[in-house]
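These notes concern the structure reproduced below.
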Amino acid sequence: MQRQKCRPCSGAAYDKAQSHDSPIDAVLHRLEKVKSTGPGKWQALCPAHDDKRPSLSIKEADDGRVLLKCWTGCGAAEITSALGLSLADLFPGDRRSLHQHGTGPMRRPFDYRDALTGIAHETLVARLIIEAVNSGEDVDADALDRLALAETRISDALAAAGGVQ
């Protein structure tokens, strides 16, 4: 994972003067090449991988949560870590403290369909690598590392959805 330097808080798409009052401010301030794509929606370079073109979608939900989607497959934990934040930083006020301390009523921060979509993607990655091995192709260390990452992401998605590991 690479950490990108903070982008200046001036300019076109995101122009809030270094205010980190809300989760969206804290996230957008740390991203590169932020571009507004609609009300409460942005696109930027993903800080969790060597992004050449913006592949990270950012959305501020009605309740103030920040939703992150990297279209190349980086997880929210990887993205927040690369930004120097935690997953709890994606939640506003009281909800943030509930997620940090693990007390109180906690609603899942995602829809189960997100976990299934992630599992489907990682399963496809694994299948392609396994097919290459079965057809006798040489598989390099990067492919084996990606296969291990797919397994980890599938396990994490299952655990996050309340399943057993």
Side-chain angles (χ1 to χ4, degrees), residues 1-7 13-14 23-24 26-35 37-38 40-61 63 65-91 95-96 98-102 106-165:
M1 266 184 271
Q2 79 175 25
R3 174 148 180 199
Q4 300 210 2
K5 59 186 177 209
C6 293
R7 73 183 271 298
Y14 186 69
I24 195 68
V27 170
L28 293 176
H29 175 71
R30 289 171 168 82
L31 292 169
E32 298 286 332
K33 293 194 178 178
V34 176
K35 176 184 172 190
T37 58
K41 297 179 182 179
W42 298 266
Q43 188 177 48
L45 294 177
C46 178
H49 72 276
D50 189 21
D51 213 359
K52 302 292 185 237
R53 293 186 347 217
S55 65
L56 180 63
S57 293
I58 307 102
K59 179 179 178 184
E60 183 176 30
D63 63 1
R65 286 179 297 154
V66 176
L67 307 174
L68 303 171
K69 169 70 175 167
C70 174
W71 293 97
T72 63
C74 299
E78 294 170 282
I79 296 165
T80 54
S81 176
L83 292 173
L85 299 171
S86 71
L87 287 173
D89 292 320
L90 300 179
F91 297 88
R95 291 198 57 196
R96 179 173 187 243
L98 291 177
H99 286 272
Q100 282 180 320
H101 304 298
M106 187 165 137
R107 214 176 90 209
R108 294 199 187 280
F110 62 90
D111 188 304
Y112 71 91
R113 291 171 287 206
D114 294 338
L116 291 175
T117 300
I119 289 171
H121 173 78
E122 296 304 322
T123 302
L124 175 62
V125 168
R127 188 184 103 214
L128 293 172
I129 295 170
I130 291 167
E131 284 178 1
V133 169
N134 285 340
S135 66
E137 294 179 35
D138 287 334
V139 178
D140 62 8
D142 288 340
L144 293 176
D145 288 345
R146 184 59 181 92
L147 184 59
L149 179 60
E151 187 276 330
T152 299
R153 287 180 176 170
I154 290 169
S155 294
D156 290 349
L158 180 59
V164 215
Q165 283 189 344

Any C70 side-chain heavy atom under 4.5 Å of E78 side chain
no
What are the two closest non-hydrogen atoms of [X] and [Y], and how far apart are they?
X   : Y   : answer
L83 : P47 : CD2-CG, 3.6 Å
L68 : T80 : CD1-CG2, 4.0 Å
T37 : W42 : OG1-N, 3.7 Å
S57 : W71 : OG-NE1, 2.8 Å
L45 : R53 : CD2-C, 3.7 Å
I79 : C74 : CD1-O, 4.0 Å

Distance from [X] atom [atom1] to [Y] atom [atom2], nearest 0.5 Å?
X    : Y    : atom1 : atom2 : result
H29  : L85  : NE2   : CG    : 10.5 Å
L90  : I24  : CG    : CD1   : 9.0 Å
L124 : I129 : CG    : CD1   : 10.0 Å
I58  : Q43  : CD1   : CD    : 8.0 Å
D50  : T72  : CG    : OG1   : 10.5 Å

With sequence neighbours excluded, give me every salt bridge (charged side-chain N to carboxylate O under 4.0 Å, His left out) pair touching residues 121-130.
E122-R146, E122-R153, R127-E131
Exceeds 12 heavy-atom contacts within 6.0 angstrom, atom CG of N134:
yes
List for me each residue that meets side chain to side chain contact (heavy atoms under 4.5 Å, CB included) alongside E151, sequence neighbours excluded, and say none if there are none.
S155
Any donor-acceptor pair under 3.5 Å linking the side chain of D51 with the backbone of C46?
yes
